[in-house]
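Proteins come first, then strands; the chains are lettered A, B, ... in the order of their sequence lines, and each starts at number 1.
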Protein chains: 2
Amino acid sequence: MAKNAVPEEQRRRRRPTKQGTVLTHDLIVDTALRMLREHGAQGFTARRLGLALGADASALYRYFAGLDELTRAIADALMHRAMTGWVPTGEWRTDLRDLGLRIHAAYLAHPQAAVLAASRVSGRAHEIAADEAILGVLRGAGFADPAAVRIYHVFVDQALAFAALDAASLALPVEAREADEAVWDATYARLPAETHPHIAATSQLLAERMNASAYPAALDLLLAAAASEAPSHP
Amino acid sequence: MAKNAVPEEQRRRRRPTKQGTVLTHDLIVDTALRMLREHGAQGFTARRLGLALGADASALYRYFAGLDELTRAIADALMHRAMTGWVPTGEWRTDLRDLGLRIHAAYLAHPQAAVLAASRVSGRAHEIAADEAILGVLRGAGFADPAAVRIYHVFVDQALAFAALDAASLALPVEAREADEAVWDATYARLPAETHPHIAATSQLLAERMNASAYPAALDLLLAAAASEAPSHP
DNA sequence: CGACGAACGTCAACCGCGTTGGCATAAGGG
DNA sequence: CCCTTATGCCAACGCGGTTGACGTTCGTCG
């Protein structure tokens, strides 16, 4: 049955669920995103998604060949939200910085979805549009193709990787994060300077930094390194 | 029963399994690592681990409160392996590059552990040792404390984030990865130059790159950006 | 040297997961 | 108004983590 799922053609017949709602690709994806935001990734299952839709879990298989395909659709919806409203200025560093922060933020808004989706190739329209835009900015700035592709690869994977990492922290159960903070206070903040001089000397700076995402700093370093390769600034 | 698992005190009673082996924390962790390396993460389950040990899966719960705790122990062993044998050369770029690749490789060798461990502060001996080493390399190279801490933060999170991302790809079931490849071939490789000129122009380069990890390139870009801030090379 | 009690492996069972095949039913065209 | 077909529902399968009860084994103490 898995292979019989309708891909994306128009649907004709509509039959309401027992609770009156009518299923759609979009409705399923939106509900999935809401579930992920509210209850976390570990609480996201096909059965619960069906329940939230007022439908049986097996009804999902009329729309997606499996959870795999549904995950791809979720990833693409995230990318759609990241890209809407973006307009290039023509200055490549500004444009890339904007795009990176947008993608990071879109995934962070749905932490659990990010963890699920970051490692998948969705191959859908919005992901492709983002890829084309990033490559376009780089090639438009005059980077030769090998350099453009290399920087593009790092840029995309870095955005997704940091988003997934930060999202995973956000998605932790409360007691886990409290435990992590307690571990920090009990170890890093009290390391003697004799055995761990570098941590001890910078513990104040460390404490300020480690609670925030490293992505903005990482993005700036990436752009700086790219700029030193750029043809316009040799 | 989960909370009754013995943490790390000495054990006194020993009782052989039906096939003669005697269970230990270390034996369980080593067997788990071997299973992960040989059969991949998708085949790693508590039941199969029990089978590989010649024991019932439920016997594991005498040693670990659950799969989470077992995974954390695996992660600790991973960091241990990443750091053993590392000796600083005194040249900070070489040292940081070596450390980054070591951590990334150690986590990649055991994908499931990477995904679970990357977002947690373990606060255990080996993690602290790694942090002290990285900070030491940066401060030893003459970076001022704020810059050292900033680069340290990006370096650590970048290594973990890419490791987790790459690990998540590796941990996917085989069908999922085949599906991703099929999606790639069906879309990116066939985009017309009229609508997607940049992807079409670089599709050959893209196909070569996207199957590999972006981490080595990302690491090199980070080191290049840091070098341009370094006091010795102003 | 014998018995006791704790340590610990085993068994059977529970519940939830993704997924599937068969069936029931509603929608919409003729 | 009926008939086809899309589509939701149900029951079931195999597999996952986890648990409680049970019985065996071993170190220890008298």
Where the side chain of B:Thr45 is defined as all heavy atoms beyond and including C-beta, which of D:dG17, C:dC8, C:dT10 is the nearest nucleotide?
-> D:dG17
Could you check which of C:dG18, D:dC9, C:dT10 has an atom nearest any side-chain atom of A:Asp56?
-> D:dC9
Would you indicate what B:Ser58 reaches in the nucleic acid, counting non-hydrogen atoms under 4.0 angstrom: base, sugar-phosphate, or nothing?
-> base
Return the 5'-most residue of the pair B:Ala46, A:Ala59 with respect to DNA chain D, ranking by each residue's nearest nucleotide.
-> A:Ala59
Is the shortest distance from a Lys or Arg side-chain nitrogen in [X] or [Y] to a carboxylate oxygen in the other one below 4.0 Å?
X: A:Asp56; Y: A:Arg47; result: no
X: A:Asp98; Y: A:Arg102; result: yes
X: A:Arg72; Y: B:Asp180; result: yes

N/O donor-acceptor pair under 3.5 Å between A:His25 side chain and A:Tyr63 backbone = yes
Take the protein atom [atom1] of [X] and the nucleotide atom [atom2] of [N], then report the distance between them rounded to whole Å.
X: B:Arg62; N: C:dC11; atom1: CZ; atom2: P; value: 14 Å
X: B:Leu53; N: C:dC8; atom1: CG; atom2: P; value: 15 Å
X: A:Leu60; N: D:dC9; atom1: CG; atom2: C1'; value: 12 Å
X: B:Leu23; N: D:dT25; atom1: CG; atom2: P; value: 15 Å
X: A:Leu67; N: C:dT19; atom1: CG; atom2: C1'; value: 10 Å
X: A:Leu70; N: C:dC17; atom1: CG; atom2: C1'; value: 15 Å
X: B:Phe64; N: D:dG17; atom1: CZ; atom2: P; value: 15 Å
X: B:Leu49; N: C:dG9; atom1: CG; atom2: P; value: 13 Å

N or O in side chain of A:Arg48 less than 4.0 angstrom from C:dG16 OP1/OP2 = no
Side-chain N or O of B:Tyr61 closer than 4.0 Å to phosphate OP1/OP2 of D:dG20 | no
Using only heavy-atom distances, decide whether a donor-acceptor pair under 3.5 angstrom links the side-chain of B:Arg47 to the base of D:dG16.
-> yes
Is it the case that more than 12 heavy atoms not belonging to A:Arg190 sit under 6.0 Å from its CZ atom?
-> no
